[in-house]
Colleague: 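Pasting a structure below so you can have a look.
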Number of protein chains: 2
Amino acid sequence: MAIDKAGVRERRRHRGDNRVTIEDVAKQAGVAPITVSRALNTPEKVSARLRERIDQAVETLGYVPNLIAGGLASAGTRVIPVVVPSLSILTFIEVIHGIQQTLEAAGYQVLLGSSDFDLDREAALLDSVLGYSPSGVILTGLRHHESTVRRLKAWGRPVVEIMELGDASIDMNVGVDNAEVGACMALHLLERGYRRIAFLGTGMVRDYRARERYEGHREALAAAGVESELLFQQDEPSSYEVGRQLFLEALEARPDLEAMHFANDNLAAGAILEANRRGMRVPEDIAIGGYLGLSLGEHLTPRLTTVTVPRFEMGVEAAKLLLARLKGRSPALPRVDIGYELTVREST
Amino acid sequence: MAIDKAGVRERRRHRGDNRVTIEDVAKQAGVAPITVSRALNTPEKVSARLRERIDQAVETLGYVPNLIAGGLASAGTRVIPVVVPSLSILTFIEVIHGIQQTLEAAGYQVLLGSSDFDLDREAALLDSVLGYSPSGVILTGLRHHESTVRRLKAWGRPVVEIMELGDASIDMNVGVDNAEVGACMALHLLERGYRRIAFLGTGMVRDYRARERYEGHREALAAAGVESELLFQQDEPSSYEVGRQLFLEALEARPDLEAMHFANDNLAAGAILEANRRGMRVPEDIAIGGYLGLSLGEHLTPRLTTVTVPRFEMGVEAAKLLLARLKGRSPALPRVDIGYELTVREST
DNA sequence: CTGTTAGCGCCTTCAG
DNA sequence: CTGAAGGCGCTAACAG
């Protein structure tokens, strides 16, 4: 009456997928499927003899586990979605690199998602991606849709928010204090004696972290009683070209400017390269400061003064937090200030 | 005798995962689960009335499909693993960007993998990643383990190999002819009248595509009867710093050099920036050519002559090939030469 | 340490 | 156009 379980004839009805399954391995090794499963996932729970026989069977049959089936049965896959605002911004790439390297070494795969600075898209992406029952999630920033936050909190698995620092994180958090970073460069410029200082950025409508840096800058100047702090902005992504344009526009609009604080090194580099081309002296004619610590900065003439943030390390740290939680260790510090460093060179 | 299927009591035995399932939605809408499935995946096969009721139930319950279960049942997930040699090389990042943008717009997710230029690691990665029953795969280069090739061919789903061009691809292929690219710059330098020309690269032990460009370069020079063509190399990844070092070493070893052909723009930019610093004239004292078409090149002084390859577009094209095949359309051209362009500027 | 049993949640197949 | 039945391949739970 019952279907002949031992026989092969009833199998493979759905599709002609002739992949080797755990059952094939089990048969070959003369054990139960579950034993193969254990030999593969928790070898220490299987006797050496069986383990050997099973390994051999796996080898000869060329068995490759179906992670989807495993994921369904155990309600989780070794996948970690990483959602960033953009893949065209080097910063995020470097963070992703750190994440990917660390997670892959631990046997996890990174599922890449890009929200394009749009919280709706972020929410939709997360919805979709959570459908893969990932082990955890890494996402950018502390600002999300209310529904995203709620869902993730209810989800109960590790979540790391990166790039900025705050006390209202969903779960774990690693990043920098952007306002502090902005203030840091502003203070440096003040110390150098500059008073006519502009902050130049782009795409700041979308990128609130850049806005936070600007806020920090503005407040630092205000505290020092320095009046004019202007802000040029466009809605394009940062690039050398936009930096060049901002540089020229600022020079024209404010010929008396003494220093320019750029929202990032890409812009600042564009400015220095343009100054080079025009034979302008930096910092004598105009001082230039950046943010990020791109390697390009130290190859420019003059070398770029910048606030360096360890981006790769930030990714590594985020991944480590996640892995710690996955191993059951709840990290003592669910919040890591990755820090920053004022790198004073010759451009200021 | 039989388990009460309609009741809820027997459910959720494995884990306390209280996620909303398709069954919950079905109950709420007063239909069978399969109808919900159809309403979601093939709405045209469900009457408008039911569809509406189901959509409503989905909405009120906050149902999010379990892609893992769907993947198991239908033997495929909307995931596309992308395997590149390194995430620290800008080229691959830009290609990934193109891939990701195109695939995400079509409802697929990119699973990121990095092989570190190691075919063993590539094979292992693919094994693992194929366990997710992906819809297709994108990998770098045409050289792989024999077993990788065999397995992928037997797999029967779309595979795209990117970055280089050849007739022995597993399935589909989009890239450039590296030897041609190398020859292109070499010919340009010859045309400009340079005869003492060096090719400078790094990490070429691992990166055979750079070696192919060198080969093209060498043969072009040989064909023109130009004798000395030397090659400096180190085993570090490309960077401005390494470019600077190669530049200085080459100047010292061969003070009579007229032109330097760098394996990529990162190196070439490092060289130009160092020349700037030393007040050397480019191209009068030394001509410099690159490869890639990084935007930095056009902001240098002098602007960098380079061979531009549309990297983002290459990613887009690879993704499009894959999507076409997934939609059942077998592309007329399973092989796309993405081409390149000699961008002549002032550095040569 | 090993096996049995019963699903994980969805979709394919086959009927109506 | 809608539904019933069963299985995708694996592992959790519970014995022995």
Side-chain angles (χ1 to χ4, degrees), chain A residues 2-6 8-27 29-51 53-54 61 63-78 130-133, chain B residues 2-6 9-27 29-51 53-54 63-78 130-133:
Chain A
I3 294 164
D4 181 354
K5 291 284 266 296
V8 183
R9 61 194 162 124
E10 271 302 334
R11 305 193 51 231
R12 307 282 147 63
R13 242 213 314 246
H14 265 198
R15 317 142 262 302
D17 202 338
N18 48 9
R19 262 183 70 154
V20 180
T21 74
I22 205 170
E23 204 181 324
D24 300 327
V25 176
K27 230 166 277 169
V31 297
I34 185 65
T35 306
V36 176
S37 171
R38 284 198 273 252
L40 261 29
N41 299 318
T42 49
E44 70 277 9
K45 292 187 177 173
V46 172
S47 70
R49 254 193 56 236
L50 284 191
R51 212 186 312 143
R53 243 164 55 204
I54 290 168
L61 294 177
Y63 171 66
V64 176
N66 182 329
L67 271 18
I68 290 294
L72 181 58
S74 63
T77 56
R78 291 173 78 86
L130 288 182
Y132 288 111
S133 300
Chain B
I3 294 164
D4 182 354
K5 291 284 267 285
R9 61 188 162 127
E10 272 303 336
R11 306 193 49 233
R12 306 281 147 64
R13 239 204 329 233
H14 264 200
R15 316 140 261 305
D17 202 341
N18 49 9
R19 262 184 70 154
V20 180
T21 72
I22 205 170
E23 203 181 325
D24 301 326
V25 176
K27 229 167 277 170
V31 297
I34 183 62
T35 306
V36 176
S37 171
R38 283 199 273 252
L40 260 29
N41 300 318
T42 49
E44 71 278 8
K45 292 187 174 172
V46 172
S47 69
R49 255 194 54 240
L50 283 191
R51 214 186 312 145
R53 244 167 51 207
I54 289 168
Y63 171 65
V64 176
N66 182 330
L67 272 17
I68 290 293
L72 181 60
S74 64
T77 56
R78 291 173 80 84
L130 287 182
Y132 288 111
S133 301

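Every chain is numbered from 1 and lettered A, B, ... according to where its sequence line falls, protein lines coming before strand lines. Hydrogens, waters and symmetry mates are skipped; everything else that's a heavy atom, side chains included, is used. Quantities reported herein were computed from a predicted structural model and do not represent experimental measurements.
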Colleague: Could you tell me the separation between the CG atom of A/Asn41 and the C1' atom of C/dT2, rounded to a whole number of Å?
Modeller: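 Nearest whole value for this atom pair: 16 Å.
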
Colleague: At their closest point, which heavy atom of A/Ala69 faces which heavy atom of B/Leu72, and how far apart are they?
Modeller: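 Result for this residue pair: CB-CD1, 3.6 Å.
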
Colleague: Of the candidate nucleotides C/dC11, C/dG9, D/dC10, which contains the atom at the shortest distance from the side chain of A/Ala69?
Modeller: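 My answer, after comparing the listed nucleotides, is D/dC10.
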
Colleague: Figure out the CG/C1' separation between A/Leu40 and D/dT11, and round it to whole Å.
Modeller: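 For the pair A/Leu40 CG and D/dT11 C1', the rounded distance is 12 Å.
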
Colleague: Side-chain donor-acceptor contacts of residues 38-46 of chain B below 3.5 Å, not counting sequence neighbours, with atom names and distances?
Modeller:
from: B/Asn41; atom 1: ND2; to: B/Ser37; atom 2: O; distance (Å): 3.2
from: B/Asn41; atom 1: ND2; to: B/Ser37; atom 2: OG; distance (Å): 3.4
from: B/Thr42; atom 1: OG1; to: B/Arg38; atom 2: O; distance (Å): 3.4

Colleague: State, yes or no, whether a side-chain contact exists between B/Val36 and B/Val31 at a heavy-atom distance under 4.5 Å.
Modeller: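 A side-chain contact under 4.5 Å exists here.
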
Colleague: Is it true that a side-chain atom of B/Thr77 and a backbone atom of B/Ser133 form a donor plus acceptor pair closer than 3.5 Å?
Modeller: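 The answer is yes, because a donor-acceptor pair under 3.5 Å joins these two groups.
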
Colleague: Among the candidates C/dC10, C/dG9, D/dC10, find the nucleotide nearest to the side-chain atoms of A/Tyr63.
Modeller: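 Within the option list, the nearest is D/dC10.
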
Colleague: Could you tell me how far apart A/Ile22 (CD1) and C/dT2 (C1') are, to the nearest whole angstrom?
Modeller: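 These atoms are roughly 14 Å apart.
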
Colleague: Could you check how far CG of B/Leu72 sits from C1' of D/dC8, rounded to whole Å?
Modeller: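 These atoms are roughly 4 Å apart.
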
Colleague: Using whole Å, what does the distance between atom P of nucleotide C/dG3 and atom NZ of A/Lys27 come to?
Modeller: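 One finds 14 Å between P of C/dG3 and NZ of A/Lys27, rounded.
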
Colleague: Report the distance from atom CD1 of A/Ile68 to atom P of D/dG9, rounded to the nearest whole Å.
Modeller: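 Roughly 12 Å, once rounded to whole Å.
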
Colleague: Do B/Val25 and B/Val20 come close enough that some side-chain heavy atom pair is under 4.5 Å?
Modeller: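 Side-chain contact under 4.5 Å: yes.
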
Colleague: Between P on C/dC10 and CD on B/Glu23, what's the gap in Å once rounded to a whole number?
Modeller: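 Computing the B/Glu23:CD to C/dC10:P distance gives 9 Å.
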
Colleague: Considering only nitrogen or oxygen atoms on both sides, find all protein atoms under 3.5 Å from nucleotides 1-5 of chain D and state each distance.
Modeller:
from: D/dT2; atom 1: OP1; to: B/Ser47; atom 2: OG; distance (Å): 2.6
from: D/dT2; atom 1: OP2; to: B/Ser47; atom 2: N; distance (Å): 2.8
from: D/dG3; atom 1: OP2; to: B/Ala32; atom 2: N; distance (Å): 3.4
from: D/dG3; atom 1: OP2; to: B/Thr35; atom 2: OG1; distance (Å): 2.5
from: D/dG3; atom 1: N7; to: B/Arg38; atom 2: NH2; distance (Å): 2.5
from: D/dG3; atom 1: O6; to: B/Arg38; atom 2: NH1; distance (Å): 3.4

Colleague: Between B/Arg78 and B/Leu67 (side chain of the first, backbone of the second, donor and acceptor by atom type, cut-off under 3.5 Å), is there such a pair?
Modeller: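 Flag not set: sc B/Arg78 to bb B/Leu67 has no pair under 3.5 Å.
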
Colleague: Rounding to a whole Å, what distance do you find between B/Leu67:CG and D/dC8:C1'?
Modeller: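 To the nearest whole Å, that distance equals 16 Å.
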
